[in-house]
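Everything on this sheet refers to the single structure shown next.
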Protein chains: 2
Amino acid sequence: MLSVLADDQQRESGLGRPGGARRRATIHDVAKLAGVSRQTVSRAVNDKCEIDPGTKERVLEAARLLDYRPSRFARGLVRKGTVTAGLVIPDLMNPFFPEVAAGVLEAAELRGWQVVVWDSRTDEAREREALDVLSHQADAVVGYFRSPDDELARHLGGVPLVLLERGPQHTRFAAVGIDAAAGVEQGMAHLVRAGHRRIGMLDGVHGPAPRRQAFLAEARRHGLSVDDGWIAMCPEHSVAGGEEGMARLLDARPELTAVFGFNDLIAVGAMRAARRRGRRVPEELAVLGFDGLSLGELVDPGLTTLHIDKRRLGRLAVEQVARLRAGEEPMNGTDAWVIPELVVRASA
Amino acid sequence: MLSVLADDQQRESGLGRPGGARRRATIHDVAKLAGVSRQTVSRAVNDKCEIDPGTKERVLEAARLLDYRPSRFARGLVRKGTVTAGLVIPDLMNPFFPEVAAGVLEAAELRGWQVVVWDSRTDEAREREALDVLSHQADAVVGYFRSPDDELARHLGGVPLVLLERGPQHTRFAAVGIDAAAGVEQGMAHLVRAGHRRIGMLDGVHGPAPRRQAFLAEARRHGLSVDDGWIAMCPEHSVAGGEEGMARLLDARPELTAVFGFNDLIAVGAMRAARRRGRRVPEELAVLGFDGLSLGELVDPGLTTLHIDKRRLGRLAVEQVARLRAGEEPMNGTDAWVIPELVVRASA
DNA sequence: TTGTACGCGTTATCAA
DNA sequence: TTGATAACGCGTACAA
């Protein structure tokens, strides 16, 4: 008891020190000021009923005076149940990802979870930093990662991870993804149906390989004489990246009549680059996107694209996390896959 | 490799236990299993040097077996310094806000802070819920709020708050904002310079009033015979909302030759609605936006707009939080204001 | 190199 | 209605 008092007096003197940021008040400080026990303070602050209205008011007044706020750590220690998920997003400027994030936030809120967000900017080093932090501060992580499984595991320290847009064959972690093959199939069928035979693709660097592979497979299936030479890499998944890739593709394959974009931003860039070179869209060059951003309705001509339910993707990811946490088997196959849906507008 | 297998098997067997979810392993459990003291476990897990490599390996193996992860609460309790900020965003589908969020995330990361994000969907009830949670789980909150100061304070419980886009005259909290008047002044000058006299405005519901007020003030200053009747409300801050508002405005004021949008999304909606009514943009109707979304470069004609440095807005907000936390006076006036900059494209 | 003992801030249990 | 005491899980002097 005495030692506690001495301790407090020491604190007090530290408090008065001018210029230094002073220590945050604890429940103990409030108790002392109000002349009650810590327990009573706890009751007052947490709105318990077993407390005299008068003392409660006195305690709250003291708390206000000291700017007291309960420590979330001490509270979390004793009250189980606060769940925090980490969300790692590669590019907040691409409207695709905020929409996925919205799905994650929505599902997390429904479960009473919190979400701390990191922007990795498609940088592997930043991915690792994010994991280093989140593995300590979050109960689970979901996000987009380029790093291989082993690298992820190394920075994960056993925290459950749900990968976005990685097929189960490409990772040993739980994942939710997009059925790229189904999407590309619809898209290619649409182009071929319209009479196109000389179809190129604008691939994204560090993008999931399935889209490229599906493109080549579909081209073969339709008997097109299309190979790697018909695929141009875009340096980034943006409109500018699409413009750059398209310029290169048009140089390499001027006979091109249609182009399949890795995503909508790239496709929009392709439209712009094509037009800058004097090619009319869609009359002289058809452009097909992938994502279904609302941006696609706004450009002229409207972008034909494979629409993805991005919010659902986010919600599914949260559901996977929940399964992992419950010790259940994560969803697999089509349950964890979102199927793209062709939306035909004017561009193709 | 072997250890991973063992780990999985352990999970499997734990799964079979009919009792349900078992308690998470603590440092104590690991110590017991490894036959050492908790202290040694701590050293092994935290990579301290004063430990024998052999015992360290044994401890880590035990930790892996039990799927042990240190409690972030217990850790936070003893190791001070983890700062968590709450970020409340009204609409993740509007590209404006992800960009602000990117600025917040960027600045927060630089300081080693984490950010937990909430999507309030411009709903006051959801704002309050967000505050109720964040006031317990975050060390400070920044965000967009429609609720009045008193309401915010009630749900804040003393947590520092930084308001986004509220002038200091409209709140007693710290804030960072946009100099709407300066923006509107540039925009109106541009339109008047181009010969427009019959200028309307598409205002957003629950949007900051300054834009509307500045619009009316500038109209007066330029001697335009423009009043409230020239302002149409958009039911939401989206393209669709802009279309709806524009339709109403054209009904009310068919003689309109230019329109000022509350934001870029609304302006784009206005362009679409105008064209649907057979008005060519910009020849028969000039359209001016506010925000400077990259979307504006993509539409046709390109959107003339008042560009805002959204990332900077986010960074400033974090800086305000830092000042609040340090007990300093928050920035005030122009230091905490972002000034819009006119970007002329084809639409006006 | 390893272990003991204590403190971190809060809530829960039980006794007064 | 109130208060003493014991967890909660972890880090860290300090002692062994």
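Chain letters run A, B, ... following the sequence lines, proteins first and then strands; every chain starts at 1.
A salt bridge links A/D139 with B/R72: the distance from a Lys NZ or Arg NE/NH1/NH2 to an Asp or Glu carboxylate oxygen falls below 4.0 Å. Ionic pairing of B/R166 and B/D149 is present here: one or more N-O contacts between side-chain nitrogen and carboxylate oxygen are shorter than 4.0 angstrom. Using a cut-off of 4.0 Å between Lys/Arg side-chain N and Asp/Glu carboxylate O, A/R58 and A/E61 are scored as not salt-bridged. Using a cut-off of 4.0 Å between Lys/Arg side-chain N and Asp/Glu carboxylate O, A/E106 and A/R315 are scored as salt-bridged. We find that A/R38 and A/D29 are not joined by a salt bridge, their nearest charged nitrogen and carboxylate oxygen being 4.0 Å or further apart. Taking the charged nitrogens against the carboxylate oxygens, A/E129 and A/R126 have no contact shorter than 4.0 Å, which rules out a salt bridge.
Nucleotide D/dG3 holds its P atom 16 Å from the NZ atom of A/K56, rounded to whole Å. Straight-line distance from the CG atom of B/D47 to the P atom of D/dG11: 13 Å, rounded to whole Å. Regarding A/E50, its CD atom lies at a distance of 11 Å from the C1' atom of C/dA12, rounded to whole Å. Distance, B/L77 CG to D/dC10 P: 12 Å, rounded to whole Å. At whole-Å resolution of the value, CZ in A/R69 and P in C/dT10 are 11 Å apart. Residue A/N46 contributes atom CG, which lies 10 Å from atom P of C/dT10 at whole-angstrom precision. Across the protein-nucleic acid pair, A/Q137 atom CD and D/dC10 atom P stand 14 Å apart, rounded to whole Å.
When each of B/A74 and B/D52 is assigned the nucleotide of DNA chain C with its nearest heavy atom, B/D52 is the one assigned upstream, toward the 5' end. For the pair A/V78 and A/R43, both in contact range of DNA chain D, the more 5′-proximal nearest nucleotide belongs to A/R43.
For A/S71, no side-chain nitrogen or oxygen approaches OP1 or OP2 of C/dC8 to under 4.0 Å.
Of the candidate nucleotides C/dT11, C/dC8, D/dC10, C/dC8 has the atom nearest to the side chain of B/K80. When the nucleotides D/dG3, D/dC10, C/dT11 are ranked by their closest atom to the side chain of A/R75, C/dT11 comes out on top. Relative to the side chain of A/T55, the nucleotides C/dG9, D/dT2, D/dC10 differ in distance, and D/dT2 lies closest.
Between the side chain of B/R24 and the base of D/dG9, no donor-acceptor pair under 3.5 Å is found. Counting distance only, with no hydrogens placed and no angle test, the side-chain atoms of A/R72 and the base atoms of C/dG9 include no donor-acceptor pair under 3.5 Å.
Within residues 25-42 of chain B, the residues approaching DNA chain C are B/V36, B/S37, B/R38, B/Q39, B/T40, by heavy-atom distance under 4.0 Å.
Using modelled atom types, one side-chain atom of B/E127 and one backbone atom of B/S147 make a donor-acceptor pair closer than 3.5 Å.
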